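Let me begin by presenting the structure, written as structure tokens, before commenting on it.
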Amino acid sequence: MFAQLSMQLAMKPTWGGLGQSVILLLAAWWTWAGTAIDTEYYDPRLRVIQVVVVSTIFGVVLMAVAVPGAYGGRGLLFASAYVGLHLARGIMLVVALRPHRAHARAQRFLFWFVVSGTLWLVGAFTDPAWRTGLWATALVVDYVASALRYPTPGRGRTPLDQYGQLSVHFGERYQQIAILALGELALMATLQFATAVYTPARTVAFFAAIVTALLFWQIYGLQSNKLVDRSAHQNPRQAARLAPYVYAVVITGIIATSAGVDLVLHEPLGSTPATWLVLIVGGPVLFVLGRMGSEYVLLGQLPPSRLAWLALLIGTTPAMTTLAPILVVLVTVGVLVGITLTDTWRLRRAASTG
């Protein structure tokens, strides 16, 4: 799915195309985030949870197949797969959890997915111009309803104490999805480079992509064990409620970076369109901001050095339209190297004074 979304971003590097691709990406992400919550709050050994996971896998496969034509002839397939897997999950949980306290929570989820699902399906039958707006609205419903704890007529909101119990597996699941996305970044760069005509510029772009993946991993892995421990034992409510949103930024950053690499490997020289900058520069910026969000929420840390590096990169971005794409990639890599070095220095200094 990540590979499909990355290619979709690279295939339509226009403002409209980027917006449409982000909608598909956020829908795919919400599917994964919902599955992570289900396997955390309900016993994965239960037959109903196993069926939910299997049906979700099937739905995601159909979504991946529909991605290239989601705004064309496969719009109904994408919307039906997304809505179907969420409704099937909600109905199965409502039926299976009837004697349990969690029954009311499953009812709230199902109610709001019916609301957003209606918009998804209506959008699938409309013109692509209207489809984009309806699907974007449906995503707003999905994300905002969760943030507000699914306020439902006759049921109220999900009580805060139901967010208060997490295992270490919750943080580990999010680590695994981030590792998978980083692996896709390196894999996509390798596949694109293997099929391209070899030139010095493309060779530099390929190695820059691999270095970017390694730097992403270094930035992501910093204090990761501490973050997992904090999410499970000290701030479970905050972790459970904010992780889907923070990691949406992280994953979007990785996939955008992968799409940017795809573009640069095809055309490393010449000027850089503004929409390409959104991917080449915006991807790493989103990744770092997402990781900083986790550290701020769980550790109370907001390193000024990272903010300074990001401000430098963002501030110089408008001038980069005059540079060749390969040079933009190298500037971005330089900033990531700077972030990594200052992070290492900061932690060593903290350890020596602590």
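The chain is numbered in sequence order, starting from 1. Since the structure is predicted, the reported quantities are computational estimates derived from the model, not experimental observations.
- The shortest side-chain heavy-atom distance between Phe2 and Ile177 falls under the 4.5 Å cut-off.
- Between Ser80 and Leu121, some side-chain heavy-atom pair lies under the 4.5 Å cut-off.
- Taking the six-membered ring for Trp and the full ring otherwise, the centers of Phe111 and Tyr150 sit at least 6.0 Å from each other.
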Exercise. Would you please test Thr332 and Thr212 for side chain to side chain contact (heavy atoms under 4.5 Å, CB included) and show each step?
Key: CA-CA 9 Å; Thr332 305; Thr212 297; over 6 Å; no
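- At least one side-chain heavy atom of Met92 sits less than 4.5 Å from a side-chain heavy atom of Val51.
- A side-chain donor-acceptor contact under 3.5 Å links Thr275 to the backbone of Pro13.
- Atom-to-atom distance recorded for Leu263:CG and Leu277:CG is 11.0 Å, nearest 0.5 angstrom.
- Scanning both residues, Ile326 and Ala201, for their nearest heavy atoms gives CD1-O, 3.8 Å.
- Remark: the backbone N or O of Thr158 is not paired with any side-chain donor or acceptor of Arg105 at under 3.5 angstrom.
- Between Val246 and Gly290 the shortest heavy-atom distance is CG1-O, 2.9 Å.
- Side-chain contact annotation: Thr340 with Gln218, donor-acceptor N/O pair under 3.5 Å absent.
- For Thr35, the side chain to side chain donor-acceptor pair (under 3.5 Å) test picks out Arg89, with sequence neighbours left out.
- In this structure, the separation between OG on Ser6 and CG on Leu25 is 10.0 Å, given to the nearest 0.5 Å.
- Taking CG from Asp262 and CG from Leu9, the interatomic distance works out to 10.0 Å, rounded to the nearest 0.5 Å.
- The existence of a salt bridge linking Glu295 and Arg306 is confirmed by a sub-4.0 Å separation between a basic side-chain nitrogen and an acidic carboxylate oxygen.
- Between Trp32 and Tyr174, a ring centre-to-centre spacing shorter than 6.0 Å is recorded.
- Of the possible polar contacts, one joining the Thr272 side chain to the Leu323 backbone as a donor-acceptor pair under 3.5 Å is found.
- Leu76 and Ala124 get closest at one heavy-atom pair: CA-CB, 3.7 Å.
- Screening Val140, Leu139, Val141 against Tyr143 for a side chain to side chain contact (heavy atoms under 4.5 Å, CB included) leaves a single residue, Leu139.
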Practice problem: Show your working on side chain to side chain contact (heavy atoms under 4.5 Å, CB included) between Thr317 and Val285 and close with a plain yes or no. | Solution: CA-CA 11 Å; Thr317 297; Val285 169; over 6 Å; no
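- Formation of a donor-acceptor pair under 3.5 Å by the Arg108 side chain with backbone atoms of Arg155 is found in this model.
- Looking only at distances, a side-chain donor or acceptor of Trp29 sits under 3.5 Å from a matching main-chain atom of Pro244.
- A heavy-atom distance below 4.5 Å is found between the side chains of Phe216 and Leu336.
- A cation-pi arrangement is found for Arg131 relative to Trp135, the charged atom lying closer than 6.0 Å to the ring centre and inside a 45° cone about the ring normal.
- Between Leu148 and Pro151, the closest side-chain pair of non-hydrogen atoms falls below 4.5 Å.
- At least one side-chain heavy atom of Leu265 sits less than 4.5 Å from a side-chain heavy atom of Phe206.
- With rounding to the nearest 0.5 Å, the separation of CZ in Arg74 from CE in Met63 is 14.0 Å.
- Cluster annotation: Met11 is not connected to Val278 through the hydrophobic network of ILVMFWY side chains, with a link wherever side-chain heavy atoms come within less than 4.5 Å.
- Using a 4.5 Å heavy-atom cutoff, the side chains of Gln176 and Leu180 are not in contact.
- Summarising the geometry, atom CZ belonging to Phe125 is positioned 12.5 Å from atom CG belonging to Leu134; distances are rounded to the nearest 0.5 Å.
- Screening Ile339, Leu215, Val250, Val249 for a side chain to side chain contact (heavy atoms under 4.5 Å, CB included) involving Val288 leaves a single residue, Ile339.
- Between Tyr82 and His86, the ring-plane angle classifies as perpendicular under the 30° and 60° cut-offs.
- Remark: of the listed residues Phe109, Phe113, Trp120, Tyr245, Tyr245 is the sole one forming a ring-ring contact (aromatic ring centres under 6.0 Å, His included) with Trp30.
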Practice problem: Check step by step if side chain to side chain contact (heavy atoms under 4.5 Å, CB included) holds for Tyr71 and Asp127. | Solution: CA-CA 9 Å; Tyr71 292 94; Asp127 182 87; over 6 Å; no
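- Hydrophobic clustering keeps Val67 apart from Leu187 (ILVMFWY residues linked when any side-chain heavy atoms are closer than 4.5 Å, directly or through intermediates).
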Exercise. Might you work through the side chain to side chain contact (heavy atoms under 4.5 Å, CB included) test for His266 and Gln192, ending with a clear yes or no?
Key: CA-CA 8 Å; His266 277 90; Gln192 292 295 339; 3.2 Å; yes
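- Rounding to the nearest 0.5 angstrom, the gap separating the CD1 atom in Ile255 from the CG atom in Leu279 is 11.5 Å.
- Thr14 contributes a side-chain N or O that, together with a main-chain N or O of Gly17, makes up a donor-acceptor pair within less than 3.5 Å.
- Counting all heavy atoms, side chain and backbone alike, Ser21 lies closest to Gln8 at OG-CG, 3.3 Å.
- Residues Tyr247 and Arg291 meet the side-chain proximity criterion, which asks for heavy atoms closer than 4.5 Å.
- Trp309 contributes no side-chain N or O that, together with a main-chain N or O of Pro304, makes up a donor-acceptor pair within less than 3.5 Å.
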